[in-house]
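Structure record follows, encoded as structure tokens.
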There are 2 protein chains.
Amino acid sequence: MTAIQKQRPPVMADVAKEAGVSHQTVSRVLNDHPNVRGDTRARVLEAIDKLGYRRNLVARALVTRHSRTLGVVSFDTTLYGPASTVYGIEQAARAAGYFVSIVSLTSIDKAGVRDALDYLADQGVDGIVVVAPQRSAAEALADLPVGVPAVAVEGGQAGDVAVVCVDQVEGGRLATEHLLSLGHETVWHVRGPSDWLEAEGRVAGWRAALARAGRAAPEPLAGDWSPRSGYEAGRGLARMADVTAVFVANDQMALGVLRAFAEQGVKVPEQVSVVGFDDIPESEFFSPPLTTVRQDFGAVGRHSIGVLLRQIEADGPREPERLVVPPTFVPRVSTARR
Amino acid sequence: MTAIQKQRPPVMADVAKEAGVSHQTVSRVLNDHPNVRGDTRARVLEAIDKLGYRRNLVARALVTRHSRTLGVVSFDTTLYGPASTVYGIEQAARAAGYFVSIVSLTSIDKAGVRDALDYLADQGVDGIVVVAPQRSAAEALADLPVGVPAVAVEGGQAGDVAVVCVDQVEGGRLATEHLLSLGHETVWHVRGPSDWLEAEGRVAGWRAALARAGRAAPEPLAGDWSPRSGYEAGRGLARMADVTAVFVANDQMALGVLRAFAEQGVKVPEQVSVVGFDDIPESEFFSPPLTTVRQDFGAVGRHSIGVLLRQIEADGPREPERLVVPPTFVPRVSTARR
DNA sequence: GGGATGACTGTGAACGTTAACAACAGGTCC
DNA sequence: GGACCTGTTGTTAACGTTCACAGTCATCCC
């Protein structure tokens, strides 16, 4: 004869009945509306506590048209760079009271990015962060679902979308100038894939530094960010007699280069100096510890959320921001005076 | 005198009017309900296309009580292991038509995990995956919001929650037996932090292998997964004359150990053999290339989603599954016969 | 004393979808 | 020819919240 236990969690109306007020008053308490009497508020809070009430965010999102969820599109979150950026984004978003919904792409094509954007827009996210280091991804941003605030991370000049990025050109310049300042005649380069904007930026910085010093730029060697591709480039470099300095576009490839040199009996830094890029946690313990250029991924993540939230809070369209985070040079022992 | 452009995107009723049917028929078309006449369906689809209608998933979630979103709680997604696992989870979830909402914890405490679980439950996720390699995280799972299907990854015996994990004990055993089979008298161990279940499992496997061979187990050296901690342990080991074989609980620490040995002039594998754990992409290019134990993080991610979806689809409570993924031994050149 | 003001609370209607049920047409069966 | 099904469509009512508005009461000021 006992009443049937209700399976469903309590709703606002249940709390209202328990506290002897209207559901609207419960809503006011929950939303910190000022005009609620102290004892009423207390009674409502007590009822909430007693019933174990939790507000239904889905219903709330339906009426407010805000989900307090941010979408993140990224590519291969297994890589240190993207993983760190996404981590920074997630931390910053949560600190600001937002959820983060993530889509990790496996393929790099424009269609994939568009699908991901549609997917997130369908879900009703309030804004989207696209970690789009490839040219193709950046292009897909151009036809973003209208009205959804967005920011591109490492996105180059992507239409009228706001951008947060690390100054890759400056990074390439720092690495190359360091090597030139050590007395090397020229600097070789193992570059990243050509559709990655970061790779292009580092190449540009390297070229600029060489040009400024009046040195010829050798043909860069192609890599795909993986240690293996660095290893293969390294084998090629080890065979050339005139190579004394190499700027490698990321630390993982630099590891491969170091390995190839070690196998060929080329001593680093005595015979050849090597500079990497990223400053992954491992770099300090390579043989030898790697001189590199650090990117502050945490700052990138925080800034991108900052830019995005400013866009969300501003009602009207605002002119797209562009925020550049400077890289820092990290000297270790893989480079030496010629 | 022109009509005011409506700012708001079209809703189902707009499509219905355009197609000359009721909104319910539109709903039926969208949900692939069988009883819709072919030409009616075509007319509706045409109207959807014309208006650029997109279904509002928030409204849908409110009435169906399913958000088609899965929550993921993880710890430090910058580390290779968690990042790879989360990546696998995300891929598998999306393939099954689910969104993924991620919370990355910075602190490891029980309260943090509980907050994250509450946070996700509030958002109305259909299920939760907790990548909980620490004991404290596993414990927090015990008082999970009731009624939310959940699975723990690397979670040990966590109350009555389903678990997917890699057989860490087996992995530790594989590494140690390999070293013993090469003729080493005993095997030293650089272990992970004591509140990590994975660290405990590897220690247990190591101990078991030594015990089975009738060898004494030296006191394990403490590490925190970082290359630096491995480096420090390595400096200690390099000073001891009788060390000929070391099993290091992850590849990053193994890198630190290799570095320390190199600095002290200890040759690997000629004087000391080293085995790591994880098989990160870099391991193959360490100096020397690292013999290690691979964990298939992709499989772990896929399995965890499989287990979770089975739980979601089964209405009633089902007995918690337990799925163990075997590790594989990866021989390279950092180990040699004594 | 009476109107204005302000603090507090309640009522009804959204939000955009799916679920439940009703209605209707056309066919089948005896 | 009527009862009965079956396929197709429409109508109405949820889902659980917030918003807009309308009350009610006490206070204040001239």
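So that the names make sense, note that chain A is the first sequence line, chain B the second, and so on, each numbered from 1.
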For residues 91-100 of chain A, dump all side-chain donor-acceptor pairs below 3.5 Å to protein atoms at least two apart in sequence or in another chain.
from, atom 1, to, atom 2, distance (Å)
A/Gln91, NE2, B/Ser104, O, 2.9
A/Arg94, NE, A/Glu90, OE2, 3.1
A/Arg94, NH2, B/Ser104, O, 2.5

For every nucleotide of nucleotides 8-21 of chain D, 5' to 3': is a protein heavy atom under 4.0 Å from its base (B), only from its sugar-phosphate (S), or from neither (-)? BBBBB--BBBBB--
Do B/Ser67 and A/Gln123 pair up side chain to side chain, a donor and an acceptor below 3.5 Å, judged on atom types alone? no
Tell me: CG of B/Leu51 to C1' of C/dG16, nearest whole Å? 15 Å
Is it true that A/Asp195 and A/Arg135 make a salt bridge, defined as a side-chain N closer than 4.0 Å to a carboxylate O? no
Given A/Leu308 and A/Val129, is the side chain to side chain contact (heavy atoms under 4.5 Å, CB included) satisfied, shown in steps? CA-CA 8 Å; A/Leu308 189 58; A/Val129 182; 3.6 Å; yes
For residues 40-50 of chain B, please give each side-chain donor-acceptor pair under 3.5 Å, one per line with the distance, not counting sequence neighbours.
from, atom 1, to, atom 2, distance (Å)
B/Arg41, NH2, B/His33, O, 3.1
B/Arg43, NH1, B/Ala19, O, 2.8
B/Lys50, NZ, B/Glu18, OE2, 2.9

